[in-house]
Number of protein chains: 2
Amino acid sequence: MPESTGTTARRISRPVPLRESAHNAILDMIVSGELQPGQHLVENELAVALGVSRQPVREALQWLKNDGWVDLRPGQGAFVHSPTVEEADQLLVVRGVLETESARLAAGNATAEDVEELRAICRRGLAAVEADDVPAMIAANADLHAAVTRMSGNDVLVDLVAQVDRRVSWYHGSVARRRGGRSWAEHADLVEAIAAGDPTRSAAAMRQHTELTRRSYLEHSAERGGAATAAGLRSDEAI
Amino acid sequence: MPESTGTTARRISRPVPLRESAHNAILDMIVSGELQPGQHLVENELAVALGVSRQPVREALQWLKNDGWVDLRPGQGAFVHSPTVEEADQLLVVRGVLETESARLAAGNATAEDVEELRAICRRGLAAVEADDVPAMIAANADLHAAVTRMSGNDVLVDLVAQVDRRVSWYHGSVARRRGGRSWAEHADLVEAIAAGDPTRSAAAMRQHTELTRRSYLEHSAERGGAATAAGLRSDEAI
DNA sequence: CCCCGGGATTTTGTATGCTGCGGGCAATCG
DNA sequence: CGATTGCCCGCAGCATACAAAATCCCGGGG
């Protein structure tokens, strides 16, 4: 029934809503550092820059606000969110809790193919470490965590973790490099626990992993001098 | 220096943005059941009903979508979200995890006043049970959980839990009544664990409490016949 | 009797115009 | 010379207008 035209009947014909494109574009600008924390985002400027009207930009900004990427001061507009150390720590705590539960559930659900997928991602990650390829390390890390969460079979968890993880990645910045080797050893432990179908061990592995990551972040921001707002992140190296 | 006038320097009440009022109004309509799950929300109708233009309504709908209250099908508009049993279960799992961590942290942070506040809420809850006052029971329950979460000192946690809890309350409906007595006994355990400053016991109490609540919900929806969508909730009793 | 097409209607998506508030600047007064 | 005040400009918030898409209804044909 869906095919009305004789064409390939794929329902891709719908152009992605402009607000979504705008959202992605602005989010990219924030994550890439093109828009710095605290910067005032003027609707009109963004609209002109993206070649659309203010309306989709407004809706994109509302969305970004709900995800914690921008602060929307009433009557004054949108500003790129400036993360504080406390907030990052709190976020890392939540991430740890959610991912630990994901790992516990994943251990009970993962199929043989799932395990193979995880192992493949681990190999990619290790290769990236040996090649000192930071972007690939970050990508593999994100893939692994996303895969584990997906295997939990809990869609609500997937949503929340995806949201939290992206912001964690933003805050993280350069931590990944320093922790590269250790991190992937921990990942391997986790994957083996999942392969063994042992929820307790899997959860413990994930808890330890996220907790060490959190400690690493705290040390990092501490040595970078007191209240290291995200402005300090960019001065180091790109994400 | 801050005092310019002799008065208490209250900052002028800024009129609440219309999108926020619209958001609250629509959310009330959903929670109260005036708008039933699956119902198509026409922007224009809402705008007329609320006496505003479509713009604030649109923004409110986007916001509600992000909180999971409505589904926004592109090119087709907004529909009140229809929760499934699986989704409710997943949400309850997540709630359990987040609240358990809240309880653990709260046990380490709560002051004497905090404990007294918790005990006061417990008394209110028990009174409501004895009076068989369901709305008061629900209110006290929400207050208790909110208070515990707040005492965790983790703002990110507070946000997420607030979001999850409101939807849980919606799904819950009439479960509260059947579980009333037991539930408040478990609450009392929790409060005493927090009063003792014992994170492990506090976390365990909360875990058990949320897990029992989840079981109760599952039994409830099972006996109510297979796929009890929220449409079945309202036919029972108001929230 | 059921299925299929076409046009009218409804509804979303996007653009633009208008109003009021806030901030910055300069002229004026003490 | 410094503080205050009035003015101007820019931007957010809201409303309205227009265009495109989907749905619905109706009539015709198999």
Side-chain angles (χ1 to χ4, degrees), chain A residues 1-26 29-30 35 38-66 69-81, chain B residues 1-6 9-26 29 35-36 38-66 69-81:
Chain A
M1 200 270 274
E3 58 275 299
S4 49
T5 73
T7 69
T8 48
R10 304 279 306 177
R11 41 186 67 223
I12 55 173
S13 57
R14 168 177 297 292
V16 181
L18 247 60
R19 57 168 173 271
E20 191 173 331
S21 306
H23 171 268
N24 292 334
I26 298 172
M29 289 195 258
I30 293 176
L35 299 177
Q39 180 170 345
H40 186 186
L41 301 180
V42 180
E43 294 176 357
N44 217 350
E45 291 178 9
L46 289 172
V48 171
L50 300 178
V52 298
S53 81
R54 280 174 48 207
Q55 173 88 3
V57 172
R58 272 183 74 84
E59 293 177 356
L61 289 175
Q62 304 263 342
W63 187 355
L64 289 168
K65 169 210 151 197
N66 280 309
W69 291 100
V70 305
D71 300 323
L72 225 52
R73 304 219 291 248
Q76 198 168 350
F79 297 77
V80 180
H81 180 67
Chain B
M1 196 268 278
E3 62 276 303
S4 49
T5 72
R10 305 186 40 129
R11 28 194 72 224
I12 292 296
S13 67
R14 170 188 303 283
V16 181
L18 248 64
R19 57 169 174 270
E20 190 172 330
S21 307
H23 171 268
N24 293 334
I26 298 172
M29 289 195 256
L35 300 177
Q36 297 211 353
Q39 180 170 347
H40 186 186
L41 301 180
V42 180
E43 294 175 356
N44 217 350
E45 290 178 8
L46 290 173
V48 171
L50 300 178
V52 298
S53 82
R54 277 177 55 206
Q55 173 90 3
V57 172
R58 276 181 71 84
E59 294 175 356
L61 289 176
Q62 307 256 346
W63 187 352
L64 289 168
K65 168 208 151 198
N66 280 306
W69 290 100
V70 304
D71 300 323
L72 223 52
R73 305 217 290 249
Q76 196 169 351
F79 297 78
V80 179
H81 179 69

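Per chain, numbering begins at 1; letters A, B, ... match sequence-line order.
Within the structure, a side-chain polar atom (N or O) of A:R58 is placed less than 4.0 Å from OP1 or OP2 of D:dG13.
For A:L35, the side-chain contact (heavy atoms from CB on, under 4.5 Å) criterion is met by A:I26, A:M29, A:I30, A:Q39, A:L41, A:V80, not counting sequence neighbours.
Whole-Å rounding puts the B:Q62 CD to D:dC14 C1' distance at 16 Å. If you take CD of B:E59 and C1' of C:dG13, they are 14 Å apart, rounded to a whole angstrom. If you measure from atom CG of A:L61 to atom C1' of D:dA12, you get 11 Å, rounded to the nearest angstrom. To the nearest angstrom, C1' of D:dA15 lies 8 Å from CD of B:Q55. Protein atom CZ of A:R54 is 16 Å distant from nucleotide atom C1' of C:dG13, rounded to whole Å. For B:F79 and D:dA22, the CZ to P distance is 13 Å, given to the nearest whole Å.
Judged by atom type and distance alone, A:R73 does not reach the base of C:dG22 through any side-chain donor-acceptor pair under 3.5 Å.
Nucleic acid contact class of A:R19 (heavy atoms, under 4.0 Å, all strands): sugar-phosphate only.
Side-chain atoms of A:L18 lie closest to C:dA15 of the nucleotides D:dA15, C:dA15, C:dT12. Listed nucleotides D:dC14, C:dT14, D:dT23 differ in distance to B:Q76; the shortest reach to its side chain belongs to D:dT23.
Atom CZ of B:F79 is separated from atom CZ of B:R73 by 4.5 Å, given to the nearest 0.5 angstrom. To the nearest 0.5 angstrom, B:L64 atom CG is 9.0 Å from B:N24 atom CG. With rounding to the nearest 0.5 angstrom, the CZ atom of A:R19 is 11.5 Å from the NE2 atom of A:H23. The line from CD of A:Q62 to CD of B:Q62 is 7.5 Å long, rounded to the nearest 0.5 Å.
Of the residues in residues 40-52 of chain A, those placing a heavy atom less than 4.0 Å from an atom of DNA chain D are A:H40, A:L41, A:V42, A:E43, in numerical order.
Listed for the B:H40 side chain is a donor-acceptor partner under 3.5 Å among the backbone atoms of B:Q76.
Annotation for A:A22 and A:P56: closest pair CB-O, 4.2 Å, computed over non-hydrogen atoms.
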